[in-house]
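What you see below is based on every heavy atom in this structure, not just the backbone, and it leaves out hydrogens, waters and symmetry mates. Residue numbering restarts at 1 for every chain, and letters A, B, ... go by the order of the sequence lines. As the structure is a computational prediction, the values presented were derived from the model and not from experiment.
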Protein chains: 4
Amino acid sequence: MTAPPDRGTRILEAALAVFGRDGFADGSVDDIARTAGVAKPTVYSRFGDKGALFVSAMALGAEKANRRIEQVIGELDTRTADLRAALERLGFALSECMVSEEGSAVVRLQVSEGRRFQQLADQDRREAHLELLAGKLALLSSAGRLQIPDPHRAARQLMALVTADAIALSGTGTRPLSEDQIDAPVRAGVDLFLTAYGS
Amino acid sequence: MTAPPDRGTRILEAALAVFGRDGFADGSVDDIARTAGVAKPTVYSRFGDKGALFVSAMALGAEKANRRIEQVIGELDTRTADLRAALERLGFALSECMVSEEGSAVVRLQVSEGRRFQQLADQDRREAHLELLAGKLALLSSAGRLQIPDPHRAARQLMALVTADAIALSGTGTRPLSEDQIDAPVRAGVDLFLTAYGS
Amino acid sequence: MTAPPDRGTRILEAALAVFGRDGFADGSVDDIARTAGVAKPTVYSRFGDKGALFVSAMALGAEKANRRIEQVIGELDTRTADLRAALERLGFALSECMVSEEGSAVVRLQVSEGRRFQQLADQDRREAHLELLAGKLALLSSAGRLQIPDPHRAARQLMALVTADAIALSGTGTRPLSEDQIDAPVRAGVDLFLTAYGS
Amino acid sequence: MTAPPDRGTRILEAALAVFGRDGFADGSVDDIARTAGVAKPTVYSRFGDKGALFVSAMALGAEKANRRIEQVIGELDTRTADLRAALERLGFALSECMVSEEGSAVVRLQVSEGRRFQQLADQDRREAHLELLAGKLALLSSAGRLQIPDPHRAARQLMALVTADAIALSGTGTRPLSEDQIDAPVRAGVDLFLTAYGS
DNA sequence: TATGAATGAGACTTCATTCAT
DNA sequence: AATGAATGAAGTCTCATTCAT
């Protein structure tokens with residue numbers, strides 16, 4: 001299916017892996033070039049300098065993470081019979097996005113390097129995701145399954161309720177979580193959400 | 001009032017400032033020593049090496065942050081007439097803890113260096129804070145002001161609802177927030193909380 | 001005649017000179033790089049670290065010294081008319097090898113760093129030299145010029161007799177010797193040798 | 001018997017041990033002070049600086065080594081029935097002096113630091129030892145047991161013959177020797193000596 | 001265009017040496 | 001006289017970056 005990635009992509013993937021593992025300052029361009037199987041000057045001629053390479057690599061990483069989140073939200077079936085179960089599935093999947101190896105690496109790098117590279121903020125499509133989720137909730141409200149006066153606000157709240165604990169408990173992906181450590185907060189969050197907004 | 005801090009403390013304060021500004025890898029011991037007004041070997045003879053210095057500095061930073069959070073939670077008056085206002089004040093104050101210059105620096109460093117320095121996890125007293133908050137909620141429940149079957153669970157949820165947006169919107173303290181960006185989510189969070197758990 | 005030596009060789013020559021002058025611990029890589037006319041990282045990328053550089057430099061030094069000794073022994077003419085004179089020439093030359101600037105530097109470094117760098121022992125071709133000399137003595141014995149039951153043993157003895165004093169008197173190359181300080185022991189040594197093994 | 005050594009002596013012993021183990025450059029004053037159980041400034045106030053301390057420590061070490069050698073030579077019984085055995089015993093004992101832990105350490109330091117500290121040459125009583133041995137040989141010659149025209153010269157030769165191999169084979173005390181590696185050259189050396197000078 | 005080799009700058013760390021007590 | 005703590009200087013090593021091929 002996937003064609004063998006070209007040089008540029010290979011470099012970005014390598015950069016993402018190395019920066020994700022070692023951080024920006026400790027991730028070495030040498031290491032990246034070696035991992036990508038190219039010579040160092042190739043990296044420089046393609047991407048300028050380490051900072052630009054980092055921003056490009058993060059664009060790739062954020063893109064992947066964003067797509068995954070969008071897919072997860074997209075899969076919320078607003079016409080399901082069992083709404084609670086559907087919301088819980090959404091919550092599990094979102095938590096998984098946050099604590100997964102790759103997902104959490106991107107988050108960690110955004111947090112730790114957000115100050116130095118303000119551009120990283122532009123790569124974060126959080127607002128878009130909330131918009132998407134708000135749309136779903138609005139549909140559920142229209143259908144009379146929920147009573148939601150402000151869907152955007154509800155979307156933010158649902159997101160916070162189902163992901164906050166996974167992030168905190170895992171140390172932003174640093175420590176592995178048991179199934180229950182993910183499940184319990186999600187179920188509790190959905191429960192609270194339905195209590196407040198349920199019809 | 002406060003006596004001039006001794007050398008050891010001055011070094012830790014300097015380390016916290018420098019690491020908070022530049023991160024662990026890019027924060028230089030030279031810079032820390034200069035900031036503390038001591039010679040570099042003094043730093044080494046006191047703290048061993050850069051990693052140990054970092055852990056010690058983070059202990060100081062976490063201690064400060066923890067104390068502040070504990071104080072904020074402690075100030076929640078469970079016998080207030082206006083419960084909503086009291087919870088909102090709590091939410092504002094907690095958000096402020098997370099996005100403040102020093103508080104967010106500690107959080108960023110915990111996130112970015114948590115992998116390299118697993119000890120940082122031990123400095124995080126999140127569970128203790130939640131216990132404290134759960135106690136307050138249990139009191140409110142006993143007093144009939146709220147209906148809370150599981151106070152620990154409710155504490156987690158309240159914490160998530162009132163702080164998640166401030167953290168996300170500020171880029172973990174990286175970008176300044178308008179008053180409203182803090183207030184609105186807090187008010188919404190408290191509202192949801194009271195809707196679900198209110199008597 | 002000799003082409004300008006390449007970078008690697010220049011570095012090794014410089015290292016040998018610096019280590020020979022200052023010892024391993026006090027010989028600085030900075031100094032070596034400057035002497036070789038290259039930048040410090042060039043040294044590191046070529047040779048790994050200071051220890052490996054030292055071992056490589058010693059390999060070069062030992063190689064030179066060994067070749068010289070082998071040549072000296074090789075030049076012993078077993079068919080000469082004046083055997084005493086030939087053996088004395090050999091003794092002078094060997095002594096010269098031991099107390100010469102470069103030769104003694106190698107010896108000093110082998111002695112002082114032999115513990116830390118056990119590999120240095122492998123660079124010492126003393127046994128090979130003795131084998132060579134033993135062969136010559138065996139020839140002389142076969143020709144009836146000497147009566148030598150055990151040529152290896154005799155080779156060791158001759159070597160000891162003609163070099164021990166030069167080494168000791170010069171402080172392993174540390175102090176200059178007068179002609180006579182070299183000549184007298186050599187002559188005495190050869191004399192003893194011929195007295196014992198002469199036909 | 002021996003009173004508990006005073007502070008000064010304890011420092012010198014410690015210095016000798018540390019320098020002997022690590023060399024002059026790598027032997028640290030900190031380490032010496034710790035080993036001696038005193039504070040660093042005590043070392044400085046007593047001995048001036050590291051170089052002076054080294055020279056003093058070497059004086060102690062050389063003194064010990066010299067005394068031992070003098071005792072060994074002194075024990076050569078010129079009226080023994082079995083002269084060969086007596087000379088061999090002398091040779092073994094001298095070899096042992098050269099390759100023993102402490103003896104070889106002193107030799108290595110003299111070799112490696114002889115250039116920097118020319119004073120070390122004055123601590124070497126080699127000529128005195130040879131004089132002592134020459135006296136013994138002269139007695140043997142007078143008694144008709146040996147035919148020695150020049151006792152000083154013979155002393156030098158005997159010394160070289162019986163110690164050179166032990167020193168070379170052990171890498172100046174760096175590598176352990178088997179019994180035979182010491183014995184064989186000594187026996188061979190004495191044999192040669194007796195062949196040449198025996199009556 | 002891709003690379004092997006080179007470099008300037010700077011980081012961490014250690015040590016001999018000295019104050020202040 | 002002895003010490004705990006402090007420091008200036010220096011050394012090894014690494015890295016982002018650039019020539020020359």
Side-chain angles (χ1 to χ4, degrees), chain A residues 7-8 11 22 24-34 36-54, chain B residues 6-8 11 22 24-34 36-54, chain C residues 6-8 11 18 22 24-34 36-54, chain D residues 6-8 11 22 24-34 36-54:
Chain A
R7 267 175 146 70
I11 293 172
D22 299 338
F24 173 68
D26 280 340
S28 91
V29 178
D30 248 312
D31 204 350
I32 291 168
R34 200 167 28 245
V38 302
K40 229 184 326 181
T42 304
V43 175
Y44 278 88
S45 82
R46 294 266 183 135
F47 294 97
D49 69 0
K50 193 189 181 186
L53 172 61
F54 176 69
Chain B
D6 69 348
R7 273 176 144 78
I11 293 172
D22 299 338
F24 173 69
D26 279 339
S28 95
V29 177
D30 250 312
D31 204 349
I32 291 168
R34 202 166 27 245
V38 302
K40 221 181 336 174
T42 304
V43 176
Y44 279 90
S45 85
R46 293 272 187 127
F47 294 98
D49 67 2
K50 193 188 181 186
L53 171 61
F54 177 69
Chain C
D6 69 347
R7 272 175 145 77
I11 293 172
V18 170
D22 299 338
F24 173 69
D26 279 339
S28 96
V29 177
D30 252 314
D31 203 349
I32 291 168
R34 203 166 25 247
V38 302
K40 219 183 336 176
T42 303
V43 176
Y44 280 92
S45 85
R46 293 273 186 128
F47 294 97
D49 67 2
K50 192 188 181 185
L53 172 60
F54 177 69
Chain D
D6 67 348
R7 268 176 145 70
I11 293 173
D22 300 336
F24 173 69
D26 279 340
S28 91
V29 178
D30 248 313
D31 205 350
I32 291 168
R34 201 167 27 246
V38 302
K40 229 185 326 181
T42 304
V43 176
Y44 278 88
S45 82
R46 295 266 184 134
F47 294 97
D49 69 1
K50 194 188 181 186
L53 171 60
F54 177 70

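Both D/A39 and B/G37 sit near DNA chain F, but only D/A39 has its closest nucleotide nearer the 5' end. Projected onto DNA chain F by closest heavy-atom contact, A/D30 and D/R7 fall at different nucleotides, the more 5' of which corresponds to D/R7.
Residues D/R34 and D/D31 meet the side-chain proximity criterion, which asks for heavy atoms closer than 4.5 Å.
Annotation for B/A25 and A/A25: closest pair CB-CB, 3.4 Å, computed over non-hydrogen atoms. A/K50 and A/F24 get closest at one heavy-atom pair: NZ-O, 2.9 Å. Considering all non-hydrogen atoms of both residues, C/A33 and C/V43 come closest at CB-CG2, 4.0 Å. Shown here for C/I11 and C/F47, the closest heavy-atom pair between the two residues is CG2-CE1, 3.6 Å. Residues B/D26 and B/D22 share a closest heavy-atom pair of CB-O, 3.3 Å.
For DNA chain F, if you chain together Watson-Crick or G-U pairs that step i with j, i+1 with j-1 and so on, the runs of at least three with distances under 3.5 Å are E:2-21 with F:2-21.
Regarding B/F54, its CZ atom lies at a distance of 18 Å from the P atom of E/dA11, rounded to whole Å. In this structure, the CD1 atom of D/I32 is 11 Å from the C1' atom of E/dA16, given to the nearest Å.
Contacts between chain A and DNA chain F, taken as any atom within less than 4.0 angstrom of a protein heavy atom, begin and end at F/dA16 to F/dC19.
Nucleic acid contact for B/G8: none, since no nucleic acid atom lies under 4.0 Å from a heavy atom of the residue. Within 4.0 Å of A/G51, counting heavy atoms only, lies no atom of the nucleic acid at all.
Non-hydrogen atoms lying under 4.0 Å from DNA chain F are contributed by B/K40, B/P41, B/T42, B/R46, all within residues 40-50 of chain B.
Atoms NZ and CD1, from C/K40 and C/I32 in turn, are 11.5 Å apart once rounded to the nearest 0.5 Å.
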